[in-house]
Amino acid sequence: MAILNAFEQGGVRLNLSEICRRSGLPLATGHRLVGELTEGGFLERVPDGTYRIGTRLWRIGSQAPVVMGLRELALPHMEDLYEATHDNVQLGVLRDDRVLIVERLRGTRSVPTVTQIASMLPLHTTGVGKVLLAYAPPEVREGVLAGELPRHGPRTITDPGELRRDLERVRRDGYALTRDEMTLGAASVGVPVRDAGGEVVAALSLVSGTRGADLRRLLPPLKTAARALSRDVAAHWGGHPDMFSDERKPSA
């Protein structure tokens with residue numbers, strides 16, 4: 001597990017020394033375990049001697065309920081949203097006090113972003129993250145506010161009081177805005193996705209360029225897509241309690 005977790009820290013390809021350093025394993029132990037994982041198809045050895053995640057692990061991971069359920073429901077609405085705006089479209093859920101990106105769509109004309117599918121992003125710097133944090137259980141929200149708020153962009157909110165006020169505005173207005181908070185030159189607007197009981201189970205966002213961006217013009221199509229997805233979630237949740245994950249927590 002330590003070896004596989006080493007790849008979660010970033011880096012598509014790692015050499016044996018990097019894997020052992022990240023996993024905290026002795027070189028001999030790492031060499032043996034990496035060999036076993038490679039033989040089993042969980043890792044792949046690249047001709048240059050580095051290693052990457054194997055397709056077998058990807059096939060297993062793609063069966064996780066949060067991927068199989070929410071992603072499949074969301075994709076048609078995300079595709080419609082992209083066609084209407086030609087901006088990056090992102091879908092995220094709350095996992096371990098961070099945002100897990102379940103799906104994203106990016107076109108050739110979209111602003112570059114750091115987001116990748118299955119990546120974990122901070123809650124306090126992204127549109128999807130602020131939505132999830134605003135509607136998270138109080139203990140989750142207070143834990144994030146009491147912890148470190150690292151700066152990722154020039155306008156990242158690092159003051160707990162300011163972030164608390166921003167989250168109150170998100171709950172009041174029903175959407176979150178960011179500008180240059182995660183990535184310089186990128187702005188985002190995020191809205192909640194709800195289940196049949198009105199609980200926030202995910203967040204949908206559009207990411208655009210900061211220069212000349214009028215994020216509020218993106219709200220109508222974004223809210224329309226989120227409402228449509230929420231209806232699908234409400235319709236298909238019944239009888240399928242494992243659609244997302246047993247890690248799912250009710251929102252405040």
Side-chain angles (χ1 to χ4, degrees), residues 1-72 74-75 78 88-106 110 112-126 128-129 132-133 140 143-144 147-153 156 182-184 186 202-203 207 242-249:
M1 288 188 291
I3 288 173
L4 296 178
N5 283 332
F7 288 85
E8 188 179 14
Q9 301 174 30
V12 177
R13 299 179 180 181
L14 300 175
N15 61 38
L16 182 61
S17 296
E18 291 170 324
I19 293 173
C20 292
R21 177 177 56 81
R22 290 187 177 191
S23 62
L25 294 172
L27 188 60
T29 303
H31 182 270
R32 175 175 58 83
L33 294 177
V34 166
E36 293 179 3
L37 288 167
T38 302
E39 184 178 352
F42 294 94
L43 293 179
E44 293 178 352
R45 193 172 190 272
V46 184
D48 65 3
T50 60
Y51 295 87
R52 63 188 178 193
I53 293 295
T55 55
R56 184 176 183 185
L57 188 61
W58 174 79
R59 291 198 307 270
I60 294 172
S62 67
Q63 298 180 56
V66 68
V67 177
M68 294 293 286
L70 183 57
R71 179 175 175 271
E72 290 184 3
L75 267 173
M78 295 177 69
N88 296 303
V89 187
Q90 298 183 161
L91 180 72
V93 297
L94 179 64
R95 287 294 180 274
D96 300 325
D97 298 339
R98 293 173 71 83
V99 183
L100 170 63
I101 300 300
V102 177
E103 184 58 270
R104 72 148 192 172
L105 298 179
R106 178 179 178 272
S110 303
T113 68
V114 298
T115 306
Q116 300 291 333
I117 295 174
S119 61
M120 302 285 279
L121 301 179
L123 290 168
H124 68 293
T125 63
T126 59
V128 285
L132 295 170
L133 186 57
V140 173
V144 172
E148 184 182 3
L149 299 173
R151 182 177 299 279
H152 293 269
T156 299
M182 183 67 195
T183 306
L184 179 64
V207 182
D242 63 341
M243 174 179 291
F244 298 103
S245 172
D246 56 6
E247 300 173 11
R248 177 177 168 267
K249 303 173 183 177

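Of the inter-residue distances, the one linking M182 atom CE with H152 atom NE2 reads 5.5 Å to the nearest 0.5 angstrom. Note that the CD1 atom of I53 and the CD atom of E44 stand 9.5 Å from one another [nearest 0.5 Å]. Expressed to the nearest 0.5 Å, how far CE of M120 lies from CG of D96 amounts to 5.0 Å. One finds the CG atom of L43 at 7.5 Å from the CG atom of L57 (value rounded to the nearest 0.5 Å). One distance of note links OG1 of T126 with CZ of R98; it measures 9.5 Å at 0.5 Å rounding. Interatomic distance, CD of E36 versus OG1 of T38, reported as 10.0 Å (0.5 Å rounding).
Between the side chain of H31 and the main chain of C20, no donor-acceptor pair closer than 3.5 Å is present. Between the side chain of S23 and the main chain of I19, a donor-acceptor pair closer than 3.5 Å is present. Looking at R13, its side chain never comes within 3.5 Å of a backbone N or O of T50 through a donor-acceptor pair. Remark: side-chain polar atoms of R56 are paired, donor with acceptor, to backbone N or O of G40 under 3.5 angstrom.
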Practice prompt. Step by step, work out the side-chain contact (heavy atoms from CB on, under 4.5 Å) result for L75 and L91.
Written response: CA-CA 9 Å; L75 267 173; L91 180 72; over 6 Å; no
Practice prompt. Give the intermediate values and the outcome of side-chain contact (heavy atoms from CB on, under 4.5 Å) for residues V99 and Q90.
Written response: CA-CA 11 Å; V99 183; Q90 298 183 161; over 6 Å; no
Practice prompt. With side-chain contact (heavy atoms from CB on, under 4.5 Å) as the test, would you mind laying out the steps for T156 and L149 before giving the verdict?
Written response: CA-CA 9 Å; T156 299; L149 299 173; over 6 Å; no
Fill in: side-chain contact (heavy atoms from CB on, under 4.5 Å) between Y51 and L37, worked out
CA-CA 10 Å; Y51 295 87; L37 288 167; over 6 Å; no
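A 4.5 Å side-chain heavy-atom check between V128 and L121 finds every atom pair outside the cut-off.
Residue D97 comes nearest to L123 through the heavy atom pair O-CD1, 3.3 Å, listed as atom of the first residue, atom of the second, then distance. Of all heavy-atom pairs between R104 and I101, the closest is CB-CG2, 4.4 Å. Summarising the geometry of P150 relative to T125, their closest heavy-atom pair is O-CG2, 4.5 Å, with the distance given to 0.1 Å. L132 and V93 make their closest contact through CD1-C, 3.5 Å (heavy atoms, listed as atom of the first residue, atom of the second, distance).
The salt bridge (charged side-chain N to carboxylate O under 4.0 Å, His left out) check on R45 picks up nothing, with sequence neighbours excluded.
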